[in-house]
Amino acid sequence: MDASSGNVSIKVCVPSLLRDCAGNQTHFSLEACTLDEAIQVLLETYPLLRFHLYDEADRLRQHVLMYYNDQNISWLERLDVPLRPGDELRVLQNVSGG
Amino acid sequence: MALRQIVVFAGTAKGACLFHSDESRREWGMAGPHLSGWEVYSLAAVLRPETGRVRLLAGTSHMAYGPSIRVSDDWGDTWHQMLASPRYAGDAYGQGSSVKRIWQIVPGHPSEPDTFYAGVEDAGLFASRDGGTTWHLVEGLSDHCSRREWLAGKSGFGLHSILIDPADRRRLWVGVQGGGVFRTVDGGDSWVACAAGLPAAGSTVDRCVLKLALDPRHPGVLYLRHRQGVFRSTDGGESWTVFGQGLPGAFGFPLCVTHAGDAFTVPLESEGERYMTDGRLCLYRRREDGAAWEPLGRGLPEYPSYVSVLRDSLAVDTLDPPGVYFGTTAGELFFSADAGETWQALPGKLPRITTVKTWVESK
């Protein structure tokens, strides 16, 4: 935790298909105060991720899921949730078949 | 004298492969899969004069993560994704239009080496003037008065064909699934519908246009794959006449014309049964001076093949005699190095083949 700013370091995980949109990595960390801010930092740091996660109307794509720890962020009533050390933000695809 | 190199690109439901040979087309090597995991629905290759290198552009997409254009300047070893890939602005053109796939990427006229065009689903035409880095919507087409009548079919609502007049960089034709044929003579600022002679004549919109091809020797001669058969125009799309004599049925998607003027297509059993006629691998060719389409298949496997060839999975090369290539939905790739007389398989079995393109080294 960065005590001066209130920022907390959290883990981020993106699918390997999007590795080239996230600095050629799938697991990394970022610092933010709240979940909302963490998402903004993620998208500002890696703008290609925004392209693949959000549609033209700036909505999360229909079959993209973002999980904050064990919760789908679309289930949350608000995103200004204070982050705690060790929290995790995970991008998943809602795709089945085979 | 060194033999010229040829590369055949096969885009698939999961990545793309490159097959390379020399102009004899006897021995082939394979590279890839590249872009593994991404559906590669369109490909283009063009020599960049400023670098002397060939640039590849791939229209990639994924059912969750959407489409984008990726570029490679080292034959696919590394790819760079374009941040400014084709994308509609907000809710442009109503009904929540969004770019779902990139159906077609075509280099611009040779006099415009930095220009590329992309046909996308939902149907629209995008252009790049900087070698594929940034793209903008060709609004003249999307603003066409018929746009609201274009009909999105279940199999997609894309702009599937982009033809550029080799003799006039400002004259283009496009084919739109659910929308018809449109022509511009001013580089895309304004467009006219070209439906005279098609089954929906009398209406601006003919929703059953499946593929367009151009005779490279006579740019006013166009071929059109329609849900109800093959049509030809000898006046740049002003009018169309039936050109399907000899085909076993009306339905099918792919259509190509060689530099010798021979046209190739792949008939399918029917609209409901979208596999090759009678479950056998077979193409049809119509010689430039021929009276009818003729079946071709010598060398193709004779086992039952209830597979299809998608509209962009038939291609020709610019060698002499012309080569013809097609990929199936079962991932097989076949070629003829003698304008369709005899056929062989390229090595390997791939995922569902979505596009086939060729590139030949310049003399």
Side-chain angles (χ1 to χ4, degrees), chain A residues 11-28 30 38-76 79 88-98, chain B residues 13-16 33-40 58-72 74 76-102 118 120-124 126 133-137 142 351-352:
Chain A
K11 298 176 201 167
V12 180
C13 178
V14 301
S16 59
L17 265 185
L18 299 180
R19 174 191 292 272
D20 68 341
C21 304
N24 207 30
Q25 55 190 341
T26 57
H27 292 76
F28 49 95
L30 63 76
I39 294 169
Q40 292 311 312
V41 170
L42 177 68
L43 300 179
E44 285 168 13
T45 308
Y46 303 111
L48 276 170
L49 273 183
R50 177 185 290 279
F51 196 92
H52 287 294
L53 304 187
Y54 290 83
D55 65 15
E56 281 99 328
D58 213 26
R59 295 175 298 237
L60 196 64
R61 289 186 183 275
Q62 186 179 7
H63 299 296
V64 171
L65 305 174
M66 289 182 81
Y67 265 70
Y68 167 58
N69 296 326
D70 59 355
Q71 290 197 295
N72 185 334
I73 66 167
S74 65
W75 300 340
L76 302 175
L79 297 179
E88 188 170 281
L89 182 61
R90 182 177 287 265
V91 176
L92 300 166
Q93 62 192 44
N94 186 12
V95 173
S96 62
Chain B
K14 295 285 180 187
H34 300 298
L35 300 167
S36 192
W38 289 92
E39 181 187 63
V40 179
T60 60
S61 53
H62 183 273
M63 59 184 86
Y65 302 124
S68 67
I69 286 180
R70 288 173 159 87
V71 169
S72 174
D74 56 10
D77 288 342
T78 59
W79 294 85
H80 307 285
Q81 193 171 175
M82 298 295 108
L83 182 59
S85 289
R87 199 165 220 218
Y88 287 110
D91 194 24
Y93 304 102
Q95 297 93 43
S97 292
S98 67
V99 176
K100 299 183 174 72
R101 272 181 174 141
I102 297 158
V120 305
E121 172 194 354
D122 298 334
F126 284 78
T133 302
T134 61
W135 295 81
H136 65 271
L137 181 67
S142 292
R352 174 186 173 91

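So that the names make sense, note that chain A is the first sequence line, chain B the second, and so on, each numbered from 1.
Looking only at distances, a side-chain donor or acceptor of B:S72 sits under 3.5 Å from a matching main-chain atom of B:T78. The main-chain N or O of B:V99 is never found under 3.5 Å from a side-chain atom of B:R87 such that the two would form a donor-acceptor pair.
Both the backbone and the side chain of B:S85 have a heavy atom closer than 4.5 Å to some heavy atom of chain A. For B:H80, no part lies under 4.5 angstrom from a heavy atom of chain A. Proximity to chain B is absent for every atom of A:L49, based on heavy atoms less than 4.5 angstrom apart. Contact annotation for A:Q93: both backbone and side-chain heavy atoms come within less than 4.5 Å of a heavy atom of chain B.
Heavy-atom pairs under 4.5 Å with chain B were tallied for A:V91, A:D58, A:D20; the largest tally goes to A:D20.
A heavy-atom distance below 4.5 Å is not found between the side chains of B:W38 and B:W79.
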Where do B:V120 and B:Y88 land on the side-chain contact (heavy atoms from CB on, under 4.5 Å) test, with the steps shown first?
CA-CA 10 Å; B:V120 305; B:Y88 287 110; 3.8 Å; yes
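With sequence neighbours left out, B:A123 forms a side chain to side chain contact (heavy atoms under 4.5 Å, CB included) with B:W150, B:F157, B:V176.
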